[in-house]
Chemist: 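Just dropping this structure here.
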Protein chains: 2
Amino acid sequence: MVKRTSFEGDSCPVARSLDALGDWWSLLIIREALFGLRRFGEFQSKLGMAKNILSARLHSLVDHGILETAPASDGSAYQEYVLTPKGRGTFPILVALRQWSEEFDDHPEQIATVLVDREKGRPVKKLEMRAEDGRLLSPADAMVKPRPAPRRRSA
Amino acid sequence: MVKRTSFEGDSCPVARSLDALGDWWSLLIIREALFGLRRFGEFQSKLGMAKNILSARLHSLVDHGILETAPASDGSAYQEYVLTPKGRGTFPILVALRQWSEEFDDHPEQIATVLVDREKGRPVKKLEMRAEDGRLLSPADAMVKPRPAPRRRSA
DNA sequence: TCGTGTGGTTGCATCATAAAACCAAATGCC
DNA sequence: GGCATTTGGTTTTATGATGCAACCACACGA
C-alpha cells in the first residue's frame with residue numbers, strides 16, 4: 001500500500017503529535033473548539049470547509065481522544081463535540097503557531113487579531129523555554145536525550 | 001477549482017502559520033534542520049521520505065523563507081539547506097508539540113527521547129503563557145482582540 | 001402532515017503523495 | 001583522462017486524500 005505515511009509508531013514525540021493533528025484542518029477545528037464552538041454546523045460555517053472532510057476530521061479527533069461527543073447542552077437531541085483535557089492541552093501549540101506568525105509573517109498587516117491578556121487587554125508575552133530552575137533557555141541550550149529507562153515489567 | 005485550500009489570505013495567524021508548515025513533513029524537516037542536518041541526502045535518509053516529496057518540501061520551505069540554500073560548507077560543490085531566523089523561530093512550536101505528546105500521548109513508553117536542559121541534563125519546564133507583567137495565564141485568561149489600528153483585509 | 005433545518009453520507013473529479021525508475025552533475029579511483 | 005559511484009534531484013505511475021455537490025435521515029415546528 002502506498003498509504004500516506006503515519007507517524008503513529010514513530011518514536012519522536014513531535015512526529016507523534018503530528019500524527020494526531022498534523023493535517024490542514026485539525027488544529028483549526030481545535031482552535032474554534034477552544035473558542036467555544038461545539039456544533040457540527042458551527043464548525044462548518046465558521047471554517048467554510050466541506051462537510052465530509054469536517055465529519056472525517058471530527059471522528060479522527062474523537063478517535064485520538066482530543067474531542068468527545070456530548071449528548072446535548074441546549075436541550076435539543078443533537079450532538080456536540082467538546083474538547084477533552086488532552087484537547088485543551090493543545091493550547092500552547094496554538095499560541096506558538098500564532099506567535100510565530102505574529103513575529104515572522106511576511107504580511108503582518110493581514111493578521112486580524114492579537115492574543116491578549118483578558119484582564120489587562122495587553123498582548124501576551126512570547127512563550128519562553130525555561131529550565132526546571134527557571135533559567136531562560138535558547139534552542140542551543142537544549143538537547144534531546146534518550147529516555148531514562150522504560151520499565152517494562154509486563155510482557 | 002478543487003485545489004487544496006490555502007490559508008495564505010486568511011486573517012487568522014494560526015491558519016497563516018499552518019499554510020507554511022502545516023503539512024506532514026515540513027515540521028519534521030525543520031526539526032532535523034534544528035539538529036544540524038543540512039544536506040538533501042541527510043534529510044532523505046534520516047526521515048525516510050520519498051525524494052520527490054522532500055524536494056518539493058524543501059523548495060516550499062525556501063519559498064516561505066524558512067530555509068535558504070547555501071553554496072557549500074565542506075568545500076564540495078553541492079548545496080545545503082540552512083534555517084533562516086524565521087525558520088529557527090519555529091522552535092517553540094516544536095517544543096509545544098513535543099510537550100503535548102509527552103503529557104498526553106496514549107503510549108508514552110514509545111517516546112524515545114526527552115528534551116533536556118543541556119547544562120543540567122534535566123527536562124525543560126513546560127511552556128507557559130504569561131502576561132506582559134509575568135502573570136501566569138490559563139487559556140481562559142486570554143482572548144483574541146481585533147488588531148489595534150490598521151485596515152482589515154479579507155475575512 | 002408537510003416543510004425546513006441540522007447533521008451528516010455518498011459519488012465523482014481533481015489534487016497530493018509515495019514508491020520506484022530514471023537522469024545529470026560531481027566525486028572518487030585508477 | 002576514463003569509468004564507476006555517490007549525490008541530488010526529476011519523471012512516471014498508482015493510489016490515497018480533498019473538495020464540491022447531491023443526496024439522505026432525523027428532529028423540530030406549523
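Keep in mind that what you see is a predicted model, and the values were worked out from it rather than measured.
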Chemist: Do the side-chain N or O atoms of Ser55(A) get closer than 4.0 angstrom to the phosphate oxygens (OP1, OP2) of dG8(C)?
Modeler: no
Chemist: Rounded off to whole Å, could you give me the CG-to-P distance for the Leu47(A) and dC20(D) pair?
Modeler: 13 Å
Chemist: Taking atom P of dT12(D) as reference, at what distance in whole Å does atom CD1 of Ile53(B) sit?
Modeler: 16 Å
Chemist: From CD of Glu42(B) over to P of dT6(D), roughly how many Å is that when rounded to an integer?
Modeler: 17 Å
Chemist: Between atom CZ in Arg57(B) and atom P in dA16(C), what is the gap in whole Å?
Modeler: 9 Å
Chemist: Quickly work out the Gln44(A) CD to dG19(D) P distance and round it to whole Å.
Modeler: 12 Å
Chemist: For the side chain of Asn52(A), counting heavy atoms from C-beta on, which of dG9(D), dT9(C), dT27(C) is nearest?
Modeler: dT9(C)
Chemist: Grab the CZ-P distance between Phe40(A) and dG8(C) for me, whole Å please.
Modeler: 6 Å
Chemist: Within this structure, what is the CH2-to-P distance between Trp24(A) and dA17(D), rounded to whole angstrom?
Modeler: 16 Å
Chemist: Respond yes when some side-chain nitrogen or oxygen of Trp25(B) is under 4.0 Å from OP1 or OP2 of dA18(C), and no when none is.
Modeler: yes
Chemist: Relative to each other, are the rings of Trp25(A) and Phe7(B) parallel, tilted or perpendicular (30° and 60° limits)?
Modeler: perpendicular
Chemist: Establish, with yes or no, whether the OP1 or OP2 oxygen of dG8(C) is under 4.0 angstrom from a side-chain nitrogen or oxygen of Tyr81(A).
Modeler: yes
Chemist: Does Arg39(B) put a side-chain nitrogen or oxygen below 4.0 Å from OP1 or OP2 of dT7(D)?
Modeler: no
Chemist: Among dG7(C), dC28(D), dG9(D), which nucleotide has an atom closest to any side-chain atom of Tyr78(A)?
Modeler: dG7(C)
Chemist: Between Lys51(A) and Gly48(B), which has a closest nucleotide on DNA chain C that is more 5'?
Modeler: Lys51(A)
Chemist: Go through it in stages, so that I can follow the logic: the residues are Asp133(B) and Lys120(A), the test is side chain to side chain contact (heavy atoms under 4.5 Å, CB included), and I'd like the CA-CA distance, side-chain angles, deciding distance and then a yes or no.
Modeler: CA-CA 10 Å; Asp133(B) 55 24; Lys120(A) 298 277 178 69; 2.9 Å; yes
